Amino acid sequence: MSVAIRLENVSVRFGETTALGGVTLDVLPGELMLLVGPSGCGKSTLLRSVAGFVAPGTGRVLFDGQDVTQVPPHRRQVGMVFQSFALFPHMNVTENVAFGLKEQRRPKPEIAARVEEALADVRLGELAARRVDQLSGGEQQRVALARALVTRPRCLLLDEPLSNLDAGLRHSMRDEIRRICKVHGLTTLYVTHDQKEAFAIADRIAILRGGRLEQLGTPWEVYRTPASRSVATFLGETNLIQANVSSCTADTLHVKAGELEFSANPRRNFEIGTPVLLSIRPECIQLADGPGQAPAFQVTVTHSNYLGELSEHELVHGNLKLRSYELNPRLPARSAGSVLWARVAPADVVVLEPDISP
């Protein structure tokens with residue numbers, strides 16, 4: 001399988017601080033790879049190492065098998081879109097988009113044709129003569145994208161490009177960015193702190209923590225089968241439950257948390273009595289007024305919020321506290337003290353290694 005961008009054991013230090021600690025990562029041709037993680041985890045440092053703005057202390061960066069670790073940024077043929085867009089306010093849209101081509105001393109007819117094509121790609125052709133300081137935030141974002149695309153880069157690097165836009169614009173622009181990247185078959189590395197943005201755009205998501213790659217997978221994989229407690233808690237809400245293995249077969253793992261027993265799909269063999277940590281997403285706890293036919297346990301509602309498309313419930317079972325989301329609720333809220341029955345499917349119980357992380 002060919003690889004468009006490869007980082008081999010890349011480490012970066014700033015003084016006594018390790019920003020990246022031996023990261024190895026492959027990005028496939030035409031892939032949209034999203035980099036996510038808590039602040040200071042190394043996302044932007046990794047992106048800037050690929051761009052050439054940060055030199056690794058150890059390791060290599062390769063494009064299509066070619067070592068570019070010592071190649072300066074202007075010779076790497078990458079397109080980059082920054083959080084601030086970095087447009088020239090005294091220039092109009094066409095002049096901003098053409099800037100990189102003029103620096104390359106391209107012929108004027110070629111510049112005109114490629115700028116026209118790039119503006120058509122981002123649906124801004126009718127604003128070609130307008131000054132960028134007269135554009136909306138979403139329009140400025142499109143100009144920044146066109147400027148990155150017009151040079152026909154080997155890869156596209158985006159560093160939180162939507163963070164300065166309001167919620168409505170972020171929603172529409174994330175779809176537009178994915179469309180543009182896929183139309184052009186662009187290999188793309190994209191940094192964001194917004195998990196919903198990552199899920200909407202990514203082919204695969206790389207989760208960093210403390211300068212290291214903690215998990216890599218499709219949006220479905222990293223959300224449904226997190227590799228650790230920190231991944232589970234970073235990617236949305238989850239219930240974390242300390243438990244012990246009571247039995248384990250090739251098909252089913254049984255664990256006990258106090259008097260409750262949960263079934264899970266085992267990812268490996270466990271010895272009986274092994275302590276584990278369970279991760280159960282709030283939307284995976286199904287609530288009913290009665291026990292029904294499937295295994296269920298009683299819970300008491302302590303607090304309930306109606307949020308429109310869902311209701312959020314805080315529940316207790318003995319000493320165990322749980323959070324549940326009720327999608328498309330039929331009632332405005334559940335009153336405190338209500339007794340319900342809860343059930344969780346084995347496929348929705350993720351078994352993690354126990355730890356003492358906060």
Side-chain angles (χ1 to χ4, degrees), residues 36 38 162 165-172 174-175 192-202 205 207 218-226 228-243 255-265 277-352 357-358:
V36 304
L162 306 184
L165 304 181
D166 62 42
L169 272 176
R170 284 201 305 271
H171 191 277
S172 62
R174 72 192 189 191
D175 295 337
T192 183
H193 66 278
D194 187 319
Q195 295 133 31
K196 298 297 184 188
E197 190 177 308
F199 289 148
I201 294 174
I205 296 175
I207 302 162
T218 66
W220 191 93
E221 288 168 342
V222 296
Y223 185 79
R224 293 283 301 176
T225 57
S228 65
R229 172 183 180 141
S230 60
V231 172
T233 54
F234 180 76
L235 296 176
E237 293 280 342
T238 193
N239 295 287
L240 295 172
I241 303 169
Q242 301 287 346
V255 297
K256 294 203 71 173
E259 63 182 47
L260 287 181
E261 184 169 87
F262 293 95
S263 299
N265 297 332
L277 184 69
L278 307 182
S279 170
I280 303 174
R281 299 288 185 191
E283 65 271 20
C284 295
I285 299 177
Q286 304 298 313
L287 298 176
D289 294 321
Q293 299 299 314
F297 56 95
Q298 276 191 333
V299 292
T300 302
V301 177
T302 59
H303 186 71
S304 182
N305 287 324
Y306 177 72
L307 301 176
E309 74 276 14
L310 61 83
S311 285
E312 181 182 65
H313 307 302
E314 293 179 8
L315 314 167
V316 294
H317 176 94
N319 294 325
L320 183 63
K321 295 181 180 180
L322 299 169
R323 186 183 296 271
S324 171
Y325 296 156
E326 185 179 0
L327 303 179
N328 190 24
R330 303 301 183 187
L331 299 172
R334 301 278 188 174
S335 58
S338 298
V339 176
L340 300 171
W341 290 83
R343 58 179 52 84
V344 183
D348 295 325
V349 179
V350 179
V351 181
L352 305 172
S357 301

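Worth saying up front: this structure is predicted, and the values here are computed from it rather than measured.
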Crowding at CG, Asp166 (>12 non-hydrogen neighbours, <6.0 Å)
yes
State, with a plain yes or no, whether a side-chain heavy atom of Leu322 is found less than 4.5 Å away from one of Val316.
no
Donor-acceptor pair, side chain of Ser335 and main chain of Ser338, under 3.5 angstrom
no
Val351 versus Leu278: any side-chain heavy-atom pair under 4.5 Å?
yes
Any chance you could measure Arg224, atom CZ, to Leu235, atom CG, to the nearest 0.5 Å?
13.5 Å
Euclidean distance, Asp348 CG relative to Ser279 OG, rounded to 0.5 Å:
10.5 Å
Which heavy atom of Arg343 sits nearest a heavy atom of Pro295, and at what distance?
CB-O, 3.3 Å
Which residues pass the salt bridge (Lys or Arg N to Asp or Glu O under 4.0 Å) test with Glu326, sequence neighbours left out?
Arg334
Between the main-chain N or O of Val222 and the side-chain N or O of Thr225, is there a donor-acceptor pair closer than 3.5 Å?
no
Heavy-atom closest pair, residues Ile285 and Ala342:
CG2-CB, 3.9 Å
Pairwise side-chain contact, Ile241 with Ile280, heavy-atom cut-off 4.5 Å (strictly under):
yes
Hey, does Thr302 have a side-chain heavy atom less than 4.5 Å from the side chain of His313?
no
Test side-chain contact (heavy atoms from CB on, under 4.5 Å) on Ile205 and Thr218 and set out the steps.
CA-CA 6 Å; Ile205 296 175; Thr218 66; over 6 Å; no
Test your reading of the model: is there a side-chain donor-acceptor pair from Arg281 to the backbone of Tyr223, 3.5 Å cut-off?
yes
Apply salt bridge (Lys or Arg N to Asp or Glu O under 4.0 Å) to Glu314 and Lys321, showing your working.
CA-CA 7 Å; Glu314 293 179 8; Lys321 295 181 180 180; over 6 Å; no
Minimal non-hydrogen separation, Tyr306 against Leu331, with atom names
CD1-O, 4.1 Å
Ser311 side chain reached by Asn305 side chain, heavy atoms, under 4.5 Å
no
Looking at Phe199 and Pro219, what are the two nearest heavy atoms and their distance?
CD2-CB, 3.6 Å
Side-chain heavy atoms of Gln298 within contact of Val339, under 4.5 Å
yes
Which pair of non-hydrogen atoms, one from Val344 and one from Phe262, has the smallest distance, and what is that distance?
CG2-CE2, 4.3 Å
Step by step, work out the side-chain contact (heavy atoms from CB on, under 4.5 Å) result for Leu162 and Thr192.
CA-CA 8 Å; Leu162 306 184; Thr192 183; over 6 Å; no
Measure the spacing between CG of Leu277 and CD of Gln242 and express it to the nearest 0.5 Å.
5.0 Å
Is the closest side-chain heavy-atom distance between His317 and Glu259 below 4.5 Å?
yes
If you look at every heavy atom in Val36 and Ala198, which pair is closest and at what distance?
CG1-CB, 3.7 Å
Run the side chain to side chain donor-acceptor pair (under 3.5 Å) test against Asn239 and tell me which residues pass, sequence neighbours left out.
none
With sequence neighbours left out, write down each residue that passes side chain to side chain contact (heavy atoms under 4.5 Å, CB included) with Ala200, or none if nothing qualifies.
Arg174
Within-4.5 Å side-chain heavy-atom neighbours: Ser324 and Leu287
yes
Glu261 side-chain N/O to Gly258 backbone N/O, donor-acceptor pair under 3.5 Å
no
